[in-house]
Amino acid sequence: MKSSGSDPHITMPGRPVIYLGVDGMTARKTREQTQMRFDFEPQGQEPVTTTKKTETKKKTAKTANKRRPASSGSVEPQAKESPAVMEFATEEPQPAAAAETSSPPMPSRRPRKSEAATAESMAAKQRDISVSEFFAKNRHLLGFDNPRKALLTAVKEAVDNSLDACEEAHILPKLTITITAMEGTDNKFRLTVKDNGPGIVPKQVPNIFARLLYGSKFHTLKMSRGQQGIGISAAGMYGLLTTGEPVQIISRTGGNKPAKHYHVQIDTTKNRPEVILDEECEFDQPAGTSVTITLEGRYQKGRQSVDEYLAQTAMANPHAEIIYSAPDGMTCEYPRQTREMPFIPIEIKPHPYGVELGVLFKMARQSETKKLRDFLHREFSRVSGNVADEICKKAKLSVNLKPSQMTVKDAEKLHEAINATKLMAPPADCIGPIGEEKLVEGLKRVTEAEFYASSTRKPSVYRGNPFIIEAALAFGCKDMKNGAEDDDREPLMRLVRFANRVPLLYQQSACATYKAVMETNWRNYGLSQSKGAMPSGPMMLMVHIASVWVPFTSESKEAVAHYPEIIKEIKLAIQECGRKLGLHVRKQRRIKDELVKRGYIEIYLPHIGQALKDILSLKDAQVEKMLGNLSTILERTRSLP
């Protein structure tokens, strides 16, 4: 079909749409809502478009086609149409007035193709993102990625805060943890953690429990369980997102002051607390805090459960008394093993080796000191006046240079001079290790074994941050032996990890502790070990890292990063315990071998006596005397080690 200036517009109601080509023209298929349209444009020209809408769907059109008479399919030329456009409708044209009165206009639909964005349209969508809004969408980063782990994380954050508060106030902790299942549901729980600490100032309660990144420990260099000011407020945010319930707090700061009762929740768009209830109430303790969070979770026993976490917490904190009421009605009590308070860490200044160039420049610009020498001496630990003079001399900077006027080049020279100067290690009084005796007491608190050993390493440094590694092991654990009686294989060693007295239950294979244990040759200590596996034996190994800043791999604080200095110290602590274990294992094997040999000889002694009686015609009294002499010689020559 050739075009001679005006092509006919063919409408075939109720028939399949047939598209024809035109000489010298190309066909382009477009689709708007339910209308299918072909535009034919001459080559080299812009396509001609139309915006005609159809108000019925294809199914309606097909049913209507069956009822129409055959005469309705006549072909009528339409001279008003563009010569380059041919449209084929799937229904008969309706009068304009009838169409307006019969049905309302069609609502606008989402475009099928995205429109190109402009700089102005993108700028209109850009806005600030609050930290609480970010973690509400990425709560798995904080340990709330599944219901079981979420319940454990909420308990951990509340217990850590209570222990830190009690120890800072030099109070022996007494904690009561209660988890109650909500009636009518099987996945919602009410968690309550109560302590006998110093309490919380009323005006700080909303910020502590309903504001992320708010706390007192982030900028201090001393050992503590909490670091970032996220944990307990994140637990409250998770409870609000899953149940809609606010966090309930009761706190009293002294016996003469009234207890305050708060209901608070976090505004995730602004990272600000909202106080729902603020009133005075009764409290059964002269001082302390009680926190209640309603959240979605799942209670399940096992290695990564709340029960296991609290048992390990009691192991690392023998000075604390813990009472735990589980959702199934079981109550566990961990009595206090010692009334001696642990060492309370002291805050220190940052060590120069751990300060990076940008941080050093910022500290200098914000310093109020007048001289560079005084800045180095007052703002850093282990920098005396003579050492400060030596650093300035190596950096070729004046000791009288004002730190606030320092340039980036000056800071770079100072940073290089610091790293080239030999400095003492950071002081260790900012770290509170558990201690070798307390480690053994903690192991005895949770497992009964035949041999215990412990080791505490000297303080070491990574990136300028001091840390101490402690290790303890229990060999011959009876609970592990009983569990393996029905199995011919020996049980694998159980690894228990701690960081600043806090148990680490998840991501074991990603932790530096696990890497150090796997790289240790346990065969040297009398244990069997397959390639790429833990050593075999009824043994529990406990490893504790104490530091002013534990390098966790994520915000959920589940694994320690693989710093070479940390892995080296863990290996040395394990090897020290392993040498003690090796002596015990080899001794037990010698005893076992001697008992076997003595057993063989004792079996044949009666037969020897009978043979001598027959050969020498001895009496019974003489035979008994001779057997007694042989037994004495046996005990003397085969004495147990």
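Every value quoted in this text rests on a predicted model; they were computed, and no experiment measured them. For the single chain, residues carry numbers from 1 onward in sequence order.
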Peer 1: Does Asp307 form a side chain to side chain contact (heavy atoms under 4.5 Å, CB included) with Cys332? I'd like the steps, not just the answer.
Peer 2: CA-CA 9 Å; Asp307 303 12; Cys332 296; 5.9 Å; no
Peer 1: Considering residues, nucleotides and ligands other than Lys301, do more than 12 of their heavy atoms fall under 6.0 Å from its NZ?
Peer 2: yes
Peer 1: How about Tyr262 and Val247: do any of their side-chain heavy atoms sit closer than 4.5 Å?
Peer 2: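 Answer no - side chains too far apart.
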Peer 1: Is it true that, when you exclude Asn256 itself, more than 12 heavy atoms of the residues, nucleotides or ligands shown sit nearer than 6.0 Å to its CG?
Peer 2: no
Peer 1: A quick test of your reading: do over 12 heavy atoms of other residues, nucleotides or ligands sit less than 6.0 Å from CD of Glu356?
Peer 2: no
Peer 1: Less than 4.5 Å apart, side chain to side chain, heavy atoms only: is that true for Lys402 and Lys371?
Peer 2: no
Peer 1: Before giving the answer on side chain to side chain contact (heavy atoms under 4.5 Å, CB included), spell out for Ser454 and Leu443 the whole-Å C-alpha distance, their side-chain angles and the decisive distance to 0.1 Å.
Peer 2: CA-CA 10 Å; Ser454 61; Leu443 284 174; over 6 Å; no
Peer 1: With the side chain counted from C-beta on, respond yes when Phe467 and Trp549 share a heavy-atom pair under 4.5 Å apart, and no when they do not.
Peer 2: no
Peer 1: What distance separates Asn419 CG from Leu414 CG, expressed to the nearest 0.5 Å?
Peer 2: 10.0 Å
Peer 1: Evaluate whether atom CD of Glu340 has more than 12 neighbouring non-hydrogen atoms of other residues, nucleotides or ligands under 6.0 angstrom away.
Peer 2: no
Peer 1: Please say whether more than 12 non-hydrogen atoms of neighbouring residues, nucleotides or ligands are located less than 6.0 Å from CD in Glu448.
Peer 2: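 No - once you tally the heavy atoms of other residues, nucleotides and ligands closer than 6.0 Å, there are 12 at most.
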Peer 1: Is it the case that over 12 heavy atoms from other parts of the model lie below 6.0 angstrom from the CZ atom of Arg382?
Peer 2: yes
Peer 1: Below 4.0 angstrom, N of the basic side chain to O of the carboxylate: do Lys222 and Glu347 qualify?
Peer 2: no
Peer 1: Quick one: are Ile418 and Val355 in side-chain contact, heavy atoms under 4.5 Å?
Peer 2: no
Peer 1: Does some side-chain heavy atom of Glu470 sit less than 4.5 Å from a side-chain heavy atom of Phe498?
Peer 2: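 No; the side chains remain at least 4.5 Å from each other.
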Peer 1: Is the number of heavy atoms from other residues, nucleotides or ligands within 6.0 Å of CE (Met424) greater than 12?
Peer 2: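 No, not enclosed.
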Peer 1: Regarding Lys149 and the six-membered ring of Tyr506, is the cationic atom NZ or CZ under 6.0 Å from the ring centre and inside 45° of its axis?
Peer 2: yes
Peer 1: Tell me if a side-chain donor or acceptor on His263 pairs with a main-chain N or O of Glu245 at a distance below 3.5 Å.
Peer 2: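 No, because the side chain of His263 does not come within donor-acceptor range (under 3.5 Å) of the backbone of Glu245.
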Peer 1: More than 12 non-hydrogen atoms from neighbouring residues, nucleotides or ligands closer than 6.0 Å to NZ on Lys515, yes or no?
Peer 2: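 Count not over threshold, so no.
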Peer 1: Quick one: are Val131 and Ile230 in side-chain contact, heavy atoms under 4.5 Å?
Peer 2: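 Contact flag for Val131/Ile230 side chains = no.
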Peer 1: Could you check if a side-chain atom of Pro246 sits within less than 4.5 angstrom of a side-chain atom of Val264, using non-hydrogen atoms only?
Peer 2: no
Peer 1: Given the rule in the side-chain hydrogen bond (donor to acceptor under 3.5 Å, both in side chains) test, do Asp195 and Ser162 qualify, once you have shown the distances and angles that lead to the verdict?
Peer 2: CA-CA 6 Å; Asp195 63 61; Ser162 296; 2.8 Å; yes
Peer 1: Could you go step by step and tell me if Asp267 and Thr269 meet the side-chain hydrogen bond (donor to acceptor under 3.5 Å, both in side chains) rule?
Peer 2: CA-CA 6 Å; Asp267 181 2; Thr269 58; 2.8 Å; yes
